[in-house]
Amino acid sequence: MISIKKLHLIKRVLAVCLMVFALMCVGILLGYAVFGPPKANAMINEAEEAQKTDDEYRLYLESFQRAAEDSLCEWNYRYQLCGHAISETKPLPQACVGMDKKALETYFGYKVEYIDNDGVRLAMDIPSYCPNHIVLKNNGVRYGLYRNILGTEIMSQIRDVDLKSSPKLAEMRQMLEIGMAFDSLEDLDMFLQEHSQ
């Protein structure tokens, strides 16, 4: 028979073994929760390294690309206030022939999206409405109708507008400081009929 002392000793040893096993399980689960499975992390690291290598190779190749003679220059204007994009293609200025990506970005002051034998694509983010909109804006003295000049931040005034004072117009004061865009002449006419003097 087993004595009581041996029975208590066996219980203690089993309790310690169970606690060690439970702690190991908790440690493994926490490790997976924090770091993920070891194989997945290695695969992610390999993919990130491969992407870095691809990016470095692409940049290396781009360093040899030059703007060719008779190339076209495609301008992609992205207007931030309305979300529209307009493209325009023009001949590449003769002064740009032979320039690489960095030199073209310095020359134009805009991001070069790509450069190849056929041409150059430039991207401009413009913090304004596109020329497809008519913008009602307070110019500080009076209200006017404006339209953006393609490829610039410059708003060209079309004409002045007289608006009568109203609580609704007072609520729109901040919006009219920035400019209120209209998609069509019909929308603008409806607004002006409601608020004109």
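All heavy atoms count here, side chains included; hydrogens, waters and symmetry mates do not. We number each residue from 1, following the sequence as shown. Predicted model, so just to flag it, every value in this text is computed and none were measured.
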**Prompt:** Could you give the distance from CG (Asn132) to NE2 (His84), rounded to the nearest 0.5 Å?
**Reply:** 7.0 Å

**Request:** May I ask whether Leu104 and Met124 are part of the same hydrophobic cluster, defined by side-chain heavy atoms of I, L, V, M, F, W, Y residues being less than 4.5 angstrom apart, directly or through others?
**Result:** yes

**Message:** Could you go through Asp100 and Ile115, starting from their C-alpha distance and side-chain angles, then the distance that decides it, and tell me whether this counts as side chain to side chain contact (heavy atoms under 4.5 Å, CB included)?
**Reply:** CA-CA 8 Å; Asp100 64 0; Ile115 177 175; 5.7 Å; no

**Item:** Heavy atoms of other groups near Tyr110 OH, more than 12 under 6.0 Å
**Value:** no

**Request:** List the steps and the verdict of side chain to side chain contact (heavy atoms under 4.5 Å, CB included) for Leu145 and Val135.
**Result:** CA-CA 6 Å; Leu145 297 178; Val135 179; over 6 Å; no

**Request:** Rounded to the nearest 0.5 Å, what's the gap from CG on Leu14 to CG on Leu9? Could you check?
**Result:** 9.5 Å

**Asked** Which heavy-atom pair separates Tyr79 from Thr152 by the least distance, and what is that distance?
**Response** CE2-O, 4.3 Å

**Request:** Could you please spell out the steps behind the side chain to side chain contact (heavy atoms under 4.5 Å, CB included) verdict for His133 and Asn148?
**Result:** CA-CA 8 Å; His133 299 283; Asn148 183 284; over 6 Å; no

**Prompt:** So which heavy atom on Gly119 is nearest to which on Ser71, and how close?
**Reply:** CA-CB, 3.7 Å

**Asked** Are Ile158 and Ile149 in one and the same hydrophobic cluster, where Ile, Leu, Val, Met, Phe, Trp and Tyr link if side-chain heavy atoms are under 4.5 Å apart?
**Response** no

**Item:** Taking every non-hydrogen atom, the tightest pair across Ala67 and Val120
**Value:** CB-CG2, 4.2 Å

**Request:** Check whether Tyr129 and Trp75 end up in the same hydrophobic cluster, where Ile, Leu, Val, Met, Phe, Trp and Tyr are linked by side-chain heavy atoms less than 4.5 Å apart.
**Result:** no

**Message:** Working to the nearest 0.5 angstrom, can you tell me the gap between Met180 CE and Asn138 CG?
**Reply:** 13.0 Å

**Asked** In Å and rounded to the nearest 0.5 Å, what is the CG to CZ distance from Leu92 to Phe108?
**Response** 5.5 Å

**Prompt:** Are Ile154 and Tyr146 connected in the hydrophobic side-chain network, where two residues link if heavy atoms are under 4.5 Å apart?
**Reply:** no

**Message:** Which heavy atom of Met155 sits nearest to which heavy atom of Ser128, and what is that distance?
**Reply:** SD-OG, 3.5 Å

**Asked** Measuring from Cys130:SG to Arg78:CZ, what's the distance to the nearest 0.5 Å?
**Response** 14.5 Å

**Message:** How long is the straight-line distance from CG of Leu23 back to CG of Leu18, given to the nearest 0.5 Å?
**Reply:** 11.0 Å

**Prompt:** Using 30° and 60° as the class limits, which term best fits the ring planes of Phe182 and Phe191: parallel, tilted or perpendicular?
**Reply:** tilted

**Taking every non-hydrogen atom, the tightest pair across Val112 and Lys101** = O-CE, 3.1 Å

**Within one Ile-Leu-Val-Met-Phe-Trp-Tyr cluster: Tyr143 and Leu185, side-chain cutoff 4.5 Å** = yes

**Contact summary for Ile126 and Gly151, nearest pair of heavy atoms** = CD1-C, 3.8 Å

**Item:** Residue Arg12 excluded, over 12 heavy atoms near CZ under 6.0 Å
**Value:** no

**Item:** N/O donor-acceptor pair under 3.5 Å between Arg147 side chain and Ser156 backbone
**Value:** no

